Amino acid sequence: MKVNFKRVLILALAVLLQVGCQKQKTTFTESDIKIIPQPKELTLNQGSFIFDADTKFVVTSDTQLQAAQILIDRFKTAAGLELELTKEQPSSNFVILKDNSQLGAEAYTLVVGDDNIVIEASGLSGFVYGIETLRQLLPVAVEKNTVSADVSWEVPNVNIADAPRYKWRGLMLDVSRHFFEKDYVMKTIDRLSYLKMNTLHLHLVDDQGWRIEIKKYPKLTEVGAYRVDQEDKHWNARPRAKADEKGTYGGFYTQEDIKEIVAYAEKRGITVVPEIEMPAHVSSAVAAYPSLSCFETPISVPSGGLWPITDIYCAGKESTFEFLENVLVEVMDLFPSKYIHVGGDEATKTNWEKCPHCQKRIKAEGLENVEELQSYFIKRMERFISSKDRILIGWDEILEGGLAPGATVMSWRGVKGGLEASEQGHDVVMTPGSHCYFDHYQGPQDSEPAAWGGYTPLSKVYEFDPTVDGMSDEQAKHVLGGQANLWAEYIPDTDQSEYMIYPRIAALSETLWSPKEGRSWNEFTTRIIPMFDRFAAMGINYAQSVYTIREEAIVDENTGAVSVSLANEIENSDIRYVLNDGDLNTDAVSYDKPIQITETTTIKASYFENDKPLGAVFEKTFKYHKAVGKKVTYNTEVNDRYQGAGATTQVNVLRGTKNFHDGQWQAWLAKDMEVVIDLDEPTEVSKVSVGALENQGPGIYYPTMVEVWTSDDGQNFVSAGKTERAYAATGDATIKDFEVTFEKKSARYIKVKATNLKQTPTGGGVFLFVDEIIVE
Ligand code: TNX
């Protein structure tokens with residue numbers, strides 16, 4: 001046989017070349033796939049697809065093109081690849097988008113194979129979600145805004161069939177309390193769409209700023225969009241400016257800005273729902289046009305906290321309704337959203353009680369009271385909005401005095417409003433404060449930036465379910481979905497806004513998108529932590545509060561021994577600690593069981609990753625003193641709602657945090673605290689301290705005086721000393737020990753009195769909060 005050496009050589013070369021060119025493929029396992037929200041159905045197959053400079057996107061419509069463009073842009077920015085769009089399907093190495101009218105509006109299928117990827121959907125949202133899922137299958141580097149070299153742009157072969165559980169998946173941005181520029185709104189739109197959220201609710205009107213240009217009423221933004229700059233003061237410590245003082249702090253969206261935002265959102269499957277508050281939360285509008293209020297008194301745009309809200313629209317004058325209809329006409333021209341939000345919350349109607357126009361209206365309409373007048377107000381707006389073929393949506397206060405026929409309710413004061421409205425056959429969007437208020441703390445209050453209050457950590461958001469236990473099937477059908485609300489009193493800038501939104505919005509998105517069955521917090525943590533890397537690559541200032549250690553301490557009331565457990569939100573995470581002067585970086589030991597303490601001890605602890613502390617450091621001193629475990633007699637009654645840990649609260653070593661709901665605080669409402677501690681036997685004492693909390697927002701004030709007496713028989717007390725503190729307006733929550741020191745003496749009984757300020761400057765009852773009485 002004659003061997004053709006030339007041929008063999010060529011063949012061998014060809015084989016070699018092919019092997020050389022074949023891209024190295026990864027063997028993927030299930031744990032490599034970390035999509036949020038979790039798709040409805042997903043199977044991992046063998047093999048993978050690798051994007052390269054020759055990969056093409058096959059699209060046959062503008063809709064498909066819009067969706068594809070999101071990933072094409074990413075490839076350009078993050079990979080330096082200019083991927084081509086084509087109408088013709090090549091033989092291999094392509095991503096094809098195909099119309100499939102069988103699929104629901106937001107559903108999609110994604111099939112990744114060795115040499116092509118197929119995304120099917122019936123419209124834009126589905127295609128966008130298919131593309132976003134594909135993006136999450138790509139390496140993290142795809143999120144960066146700089147080109148990464150030597151990354152293999154590889155995705156595992158999968159079959160995904162996905163569709164949402166709820167049709168309203170929203171985030172509300174309060175752009176009134178602090179104004180956020182258009183760019184940030186657009187960025188937020190991208191990120192919402194990335195997580196398959198479909199609604200951006202813009203809270204455009206509130207007391208502290210009117211944020212949308214209305215051509216017919218230019219003063220709304222000339223005057224109403226700006227307030228006197230008091231940003232250096234705490235939100236709740238900003239005095240009201242005079243009516244004629246010029247505001248300089250603020251901003252607003254022009255109608256052109258709004259058009260841009262709406263168009264941008266539309267391309268990403270996001271509906272922008274405008275909220276035009278009424279009848280309350282409108283000081284900004286009243287400042288611009290005082291005739292909108294009952295008594296037409298000129299006011300300024302408030303620079304900060306305002307409570308109660310009494311400067312509201314007059315519900316008697318026809319001109320109020322004329323104004324609102326004109327405003328809404330312009331708003332509806334700008335926002336194609338089916339839903340128009342009219343607020344409706346927190347109106348204090350004292351002016352309506354006194355206003356002749358409102359009283360006349362009440363009579364003429366045969367209304368019972370001012371609550372029914374609010375209901376009249378909203379019903380009238382509802383008729384107007386539905387005449388324009390839109391749907392009115394409002395906060396759950398719109399239920400009071402009777403719900404307007406076609407209205408949809410946003411339930412924020414828990415789920416009660418949602419239950420009630422759905423029972424009456426109305427649609428509801430659930431946004432209960434407990435799970436959906438992103439202005440709440442997401443970690444222990446002492447280690448977080450100042451927030452409104454409340455405690456809504458990531459795991460709590462993940463427990464959210466808009467369909468409430470006990471709802472009938474009929475009621476459940478009325479649940480459109482859920483939404484997170486980011487009220488912005490304490491959100492001065494985009495960094496803080498991002499901090500509060502991420503990662504919680506990812507947890508929320510999964511509760512609203514993914515099937516309920518099979519969802520587990522522990523499993524979710526295996527996906528959210530890698531998602532942090534994506535957030536970082538996107539340049540998001542996300543919170544790492546899941547890592548922050550929360551302690552639980554229990555005290556043995558007989559021995560006074562304290563047992564301290566440490567945990568963060570991630571199960572079995574690597575927590576290490578040191579005691580007293582130890583250095584966390586060098587001396588930390590692993591935490592594996594509760595730490596027992598029997599004398600004054602400081603614990604420092606942190607979550608560790610790769611042997612390095614990560615997130616906020618936990619540090620707490622458990623201070624022992626002579627009254628620990630002793631009997632306390634209360635001469636004045638503790639408030640029902642704040643009983644702390646019961647009778648031993650004040651002598652249990654455990655201290656309260658800035659979170660006044662943490663179970664270590666006892667409170668006295670508009671009343672002094674007076675207690676007597678029995679030390680069991682005559683004891684040398686020279687100092688008594690009272691631990692107190694101040695948080696003036698919710699009405700908690702420091703004592704104005706602390707006095708101490710001692711006694712040997714429990715009957716005859718002699719004064720040991722006192723300390724005084726004058727009232728001063730403050731914003732942030734603070735904790736302070738009020739110390740009374742005296743010449744060392746022997747005493748068996750100690751009487752302590754803390755004087756309550758009793759009345760707030762605005763006339764409310766004052767809470768006095770005490771956590772521990774330290775006797776030394
Ligand atoms: C209540 S929620 C409000 C807002 C505040 C928020 C603070 C709602 C409808 N009204 O005006 O910003 O509490 O959490």
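This one's a predicted model, so the numbers in the text were calculated from it and none came from an experiment. In listed order, ligands and their atoms are each counted from 1.
Evaluation of the ring pair (Phe, Tyr, Trp, His ring centres under 6.0 Å) rule for His178 yields Trp235 as partners, not counting sequence neighbours. Scanning for ring pair (Phe, Tyr, Trp, His ring centres under 6.0 Å) contacts around His203 gives Trp487, with sequence neighbours left out. In this view, Tyr226 satisfies the ring pair (Phe, Tyr, Trp, His ring centres under 6.0 Å) rule with no residue, not counting sequence neighbours.
Taking the ring axis of Phe438 as reference, the NZ or CZ atom of Arg504 stays within 45° of it and closer than 6.0 Å to the ring centre. A cation-pi contact, defined as under 6.0 Å to the ring centre and within 45° of the axis, is absent between Arg211 and Tyr253.
For ligand 1, the protein residues within 4.0 angstrom (heavy atoms only) are Arg177, His281, Asp345, Glu346, Trp395, Trp412, Tyr437, Asp439, Trp452, Trp487, Glu489.
Around atom NZ of Lys233, more than 12 heavy atoms belonging to other residues, nucleotides or ligands sit under 6.0 Å away.
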